Amino acid sequence: MYLEKLHEIEGMLKACTGEDDVHLTDGGEHADLASSVAFRLAKNLKKPPHQIAADLAMELSENYGSDDLSIESAGPYINFIFGPEYVRASLMAALKAGYGALPARSGRVVLEHTSANPNGPLHVGHIRNTVIGDTLARAFRRAGMPLEVQYYLNDMGRQIAIVSWGFDHLSIERSPGEKDDHYIARVYIAANAAIRDDPGITAEINHLMQVVEAGDDETIRKFRQVVEMCLEGIKTTLTDLNAVHDRFVWESDFIRIGDVSRVIGRMIRLPECHENETLWLDLTEFGIEKEYILRRSDGTSVYATRDLAYHVWKARNYDLVIDVLGADHKLIGSQLIAALKLIGEKPPEIVHFEFVSLPEGSMSTRQGKFVSADDLISEVTRKAFDEVTRRRPELAEEERTGIARSVAISAIRYDIVKVSPEKSTVFDWKEALDFERQSGPYIQYAHARACSILRKAGEFEEAYELMTGDEVRLAKCIARFPYVIDTVVKDLRPHLLAGYARDLADLFNTFYHQVPVLKSEGVTRRSRLTLVKAVRNTLKGSLETLGIDALGSM
RNA sequence: GGGCUUGUGGCCUAGUCAGGAUAGGGCGUUAGCCUCCUAAGCUAAUGGUCGGGGGUUCAAAUCCCCCCAAGCCCGCCA
């Protein structure tokens, strides 16, 4: 309902003032919506803002005001306050399954996220990418946009050559029960150590990269084998995190099917393209001083060119291309966008997120300095199991295990998604293991609480007579859910949804403590139960979009 | 050295893109609340030169300039 009201009021303000920007914002504690357009008009009208606001409020009120929309001025502001009909309509909408969905839109979206190199397990830095990407994907789906999620798999880079070399030359045994990706990481770390001790190995690595690009079957088979092995481990972690990819795109395919050659062929014709030992692009017209290398002097392709071929393919097959990439890819990202513009292909929207580091410094798979996502998940799950056991000792162990798993993923995902992506963070075990307040479990708990009330209530006839301030505030928060989904998808900012879900849980908890539901009577009881039902559905939708299980009991 | 990003109470963080009503939360600390719908909860108290300095504006955490600090990037790595 909020979205509709916002557009409606924006329209009437525009009509009334003739201004293009009517400075309409959230009214905070003063109103549902507020406009400070009077300040802007003061200059031209040569009247004080408070008088303009009063005049405008009067005029708007006469033309558009009703029992359900109060329009009044407060100093220089024009405040809009919604009435009971708005609340009723909002709640009715919020009771429907899939609430928050927006009208279906056409246009296929492709969203790439995680895409970590298969040379080890995902660590706590990689999964920031995963959580941001998966949450965005879920938001797009709720917003009614057809979407495909892809993982771009680097199966022919230097790292893979190093792992493959390590398997052939170092006898590293798999530890009992060791996961594929963790085993690969040990080989990778050992091979890097070997290279450090004997730089001559680098030539062997270079050779491997050349023959794999030339199409040597044996080497391709070996590369593919280690990549597939590592990917199995990564997929397990992604599944544990509730992150879903529709397709894994193999980088080498773009060489094999000739797309890399084709894109180089197009680039070569550009005046910005230069060929000496290497083939490179001059992107100074885009403010990029750095040369964009497309082909090595030995004739092999570089990551950038293969990525370019991948993006041409995406541009041609989808209407909107979104990449979630680490801040270390900012330069290469802007080069990619510039290069695509030069050949007239649609560039991607790139969501960058800043780095996650450890208290002792930045993470490095090569040096074995990282906290793996698997270790994080198992530690948090263990703590969650203890908590569940402490709170619900009567539940069967199997049930407690299930709840603990959901709570753990909730804590991890929420802890990551709640922070805006442009903020670099330091991984903190204490925060990761906190299940209170601004956490996923806190929101799950509010949902479970609503479920519990509704279980005890039994059948009831829906009613919409809300009286207290706590009830109305809660209902008005519920009304904003579709608007939040719309904003997340438009601005590509999933942390807004995390904040919304927390606000909603806060308001519900306050309501829960201030206002009796089951112990109230008649139409009041039925109205409050209706409100609880709407909250439950909205929290459920919020949690699902955040990739968190909406538990009925915990 | 150049580029990008960040800097908000002891700690973490929202708000910054689209400047406006006393800068919101959380953790911590302190004081209350389970004969009452799940205390992973609620109610209060405490605590802020919005990194520093200029400027623009009726109005700046928000826009512009300079400086300081941290992270990232500046590979024929990915």
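Chain A is the first sequence line, chain B the second, and so forth, proteins listed ahead of strands; every chain is numbered from 1. Since the structure is predicted, the reported quantities are computational estimates derived from the model, not experimental observations.
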Looking at [X], does any N or O in its side chain come under 4.0 Å of the phosphate oxygens OP1/OP2 on [N]?
X: A:T300; N: B:C76; value: no
X: A:Y442; N: B:C42; value: yes
X: A:R437; N: B:G26; value: yes
X: A:R528; N: B:C37; value: no
X: A:Y303; N: B:G75; value: no

[X] near the nucleic acid: base, sugar-phosphate alone, or nothing, with a heavy-atom cut-off under 4.0 Å?
X: A:R390; result: nothing
X: A:D428; result: nothing
X: A:G75; result: nothing
X: A:V407; result: base
X: A:S439; result: nothing

Under 3.5 Å, which protein N or O atoms sit close to an N or O of nucleotides 12-15 of chain B? Give each pair with its distance.
from: B:A14; atom 1: OP1; to: A:S420; atom 2: N; distance (Å): 3.1
from: B:A14; atom 1: OP1; to: A:S420; atom 2: OG; distance (Å): 2.4
from: B:A14; atom 1: OP2; to: A:K423; atom 2: NZ; distance (Å): 2.6
from: B:G15; atom 1: OP1; to: A:H495; atom 2: NE2; distance (Å): 3.0

Provide the distance between the two [atom1] atoms, one in [N] and one in [M], to the nearest whole Å.
N: B:G53; M: B:A14; atom1: C1'; answer: 27 Å
N: B:G15; M: B:G19; atom1: C1'; answer: 12 Å
N: B:C67; M: B:C27; atom1: C1'; answer: 33 Å

| Looking at B:A21, B:C27, B:C72, which one has an atom nearest to any side-chain atom of A:H30? |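 For the A:H30 side chain, the nearest candidate turns out to be B:A21.
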So which protein N/O to nucleotides 2-4 of chain B N/O distances come out below 3.5 Å?
from: B:C4; atom 1: O2'; to: A:K330; atom 2: NZ; distance (Å): 3.1

| query | Which pair of heavy atoms, one from A:V212 and one from A:M209, lies closest together, and at what distance? | reply |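 Looking at all heavy atoms of both residues, the shortest contact is CG1-O, 3.3 Å.
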| query | Should B:G47 form a Watson-Crick or G-U wobble pair with both distances under 3.5 Å, which nucleotide is its partner? | reply |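 For B:G47, the partner nucleotide comes out as none, under the 3.5 Å rule.
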| Any donor-acceptor N/O pair under 3.5 Å between B:C76 base and A:S297 side chain |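 Such a pair is found, so the answer is yes.
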| field | Check against side-chain contact (heavy atoms from CB on, under 4.5 Å), A:K533 and A:F460 | value | CA-CA 11 Å; A:K533 206 169 168 182; A:F460 64 93; 3.8 Å; yes
Find every protein N or O atom lying less than 3.5 Å from an N or O atom of nucleotides 31-36 of chain B, and list the pairs.
from: B:C36; atom 1: O2'; to: A:K519; atom 2: NZ; distance (Å): 3.0

